[in-house]
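These notes are about the structure you will find just below.
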Number of protein chains: 2
Amino acid sequence: MKPQNRKDEIVKAAAKLFKKKGYSAVTMRDLATALGIKAASLYNHINSKQELLNTIIISIAEEFTNEMNSIKNADTATAQKLTDIVELHIKIASENTYGMASLNNDWMHLEDQLEYYLTLRNGYEEDFRNIIKAGIKHKEIVDENPEIILFSLLSTLRSLYLWIPKKEALDKNSLSKSLSHILIKGINS
Amino acid sequence: MKPQNRKDEIVKAAAKLFKKKGYSAVTMRDLATALGIKAASLYNHINSKQELLNTIIISIAEEFTNEMNSIKNADTATAQKLTDIVELHIKIASENTYGMASLNNDWMHLEDQLEYYLTLRNGYEEDFRNIIKAGIKHKEIVDENPEIILFSLLSTLRSLYLWIPKKEALDKNSLSKSLSHILIKGINS
DNA sequence: AATTTTAACTAACACCTGTTAGTTTAAGCA
DNA sequence: TGCTTAAACTAACAGGTGTTAGTTAAAATT
């Protein structure tokens with residue numbers, strides 16, 4: 001119905017500010033100033049500050065969930081699934097750097113949608129865990145504690161949003177190759 | 001002079017709240033309530049909310065800097081230095097889980113001490129980078145982009161504070177061994 | 001040309017923020 | 001016992017918070 005153009009601009013500006021200062025430290029007056037308007041004018045397009053956070057975080061969380069579904073159901077070896085996951089994180093972190101910051105740092109300020117978000121996150125982690133466990137079972141992955149492996153991989157992948165924007169020189173394909181290599185085969189020579 | 005006992009309790013309670021909600025979302029009334037007193041009473045012991053954040057973050061940053069100095073100057077092989085760094089992060093994340101959250105997520109809200117903090121952090125990362133580069137030079141580490149290796153290792157190590165408190169079953173020694181193994185030798189079998 | 005819609009505005013609200021000033025209470029010490 | 005100190009308290013402040021109500025001006029639609 002309504003053209004959501006202006007609303008999208010507001011969401012984008014909000015995500016950018018949320019990355020820089022965190023959700024709680026950003027005021028609606030900050031956001032309005034960044035867009036060159038007055039705070040009250042924002043409410044012609046959005047319903048609340050909370051809604052901005054919900055929109056930003058949930059859309060990314062759902063994207064992760066959907067893509068993970070494809071990866072886990074594909075008929076591929078563990079190493080390929082892991083590489084696919086690395087690529088997925090690189091893609092989302094590249095396309096939505098600002099949103100990833102909110103997802104990582106401000107998810108606890110979700111209110112109505114907090115429970116839903118946690119369901120999505122737990123499902124994603126459970127799928128990831130099962131891929132690792134299957135890999136260990138089929139001797140494709142070293143027999144270490146799967147929780148430690150999961151933690152280690154997820155920590156790096158979740159932090160990509162901090163790092164990718166600083167290294168624009170690096171193209172996504174070679175980053176994906178190098179990172180997969182380092183995470184899977186280690187750094188030992 | 002003054003016994004700092006009560007002040008320490010306040011700093012500790014603050015760090016705990018800052019981890020849960022972030023610096024900006026924690027009010028002095030929240031903090032006081034957590035300690036069973038009124039907000040104004042806090043000011044018998046501390047000078048400002050800002051001072052709490054400074055105290056929490058800077059003490060940890062200095063600890064990292066000091067320990068990194070020992071590690072880099074030791075006459076040890078690259079693999080040993082990396083293991084030492086893993087152990088250092090595990091130690092600090094175990095002893096100061098709450099503080100690590102502030103250091104990771106709220107450093108941008110430092111004001112007077114922001115510049116000093118960034119100097120410490122850049123120094124730490126530069127030392128880490130040089131250890132990796134030397135390892136590559138001496139063929140102890142695979143010849144991948146040192147920036148990617150640094151990013152990957154640091155991401156995992158910086159996230160330990162989120163994970164260690166959830167896995168109290170695991171003792172620090174075996175965690176250190178497993179994690180070093182995974183980070184250095186990879187997860188390939 | 002008349003009407004509706006879009007998107008800005010000003011003014012104001014009720015409440016929350018960090019912090020200060022001055023006071024009270026009880027314990028430790030002379 | 002009288003004095004000092006530690007650590008709480010109440011009351012208040014000046015400014016910031018998200019948000020609402022009602023208005024205006026220009027663009028789009030009829």
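Note on naming: letters A, B, ... go to the chains in the order of the sequence lines (proteins, then strands), and numbering restarts at 1 for each one.
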Looking only at side-chain N and O atoms, does [X] come under 4.0 Å of OP1 or OP2 in [N]?
X	N	value
B:K38	D:dC9	no
A:H45	C:dT6	no
B:S41	D:dA7	no
B:R29	C:dT19	no

Spacing between [X] atom [atom1] and [N] atom [atom2], to the nearest angstrom:
X	N	atom1	atom2	result
B:R6	D:dT5	CZ	C1'	16 Å
A:L42	C:dC9	CG	C1'	12 Å
A:I37	C:dT10	CD1	P	12 Å
B:E51	C:dT19	CD	C1'	13 Å
A:N44	D:dG22	CG	P	14 Å
B:I10	D:dA8	CD1	C1'	11 Å
B:Y43	C:dG18	OH	P	7 Å
A:L31	C:dA8	CG	C1'	15 Å

Of B:A39 and A:N47, the one whose closest DNA chain D nucleotide lies more 5':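 Per heavy-atom nearest nucleotide, the more 5' residue is B:A39.
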Sidechain N-carboxylate O distance under 4.0 Å for B:E144, A:K177: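 No, this pair does not count.
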NZ/NE/NH1/NH2 to OD/OE distance under 4.0 Å, A:K172 and A:E87: no
For A:K20, all residues meeting salt bridge (Lys or Arg N to Asp or Glu O under 4.0 Å), sequence neighbours excluded: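 For A:K20 there are no salt bridge (Lys or Arg N to Asp or Glu O under 4.0 Å) partners, ignoring immediate neighbours.
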Ring-face cation contact, A:Y23 with A:K49, 6.0 Å cut, 45° max: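 Verdict for A:Y23: a cation-pi partner in A:K49.
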[X], nearest nucleotide to its side chain (from [options]):
X	options	answer
A:A40	D:dT20, C:dT19, C:dT20	D:dT20
B:K49	C:dT19, C:dA8, D:dA8	C:dT19
A:T27	C:dT19, D:dT17, D:dA7	D:dT17

Other residues, nucleotides, ligands: >12 heavy atoms within 6.0 Å of A:Y117 OH: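 Counting other residues, nucleotides and ligands, OH of A:Y117 exceeds 12 neighbours.
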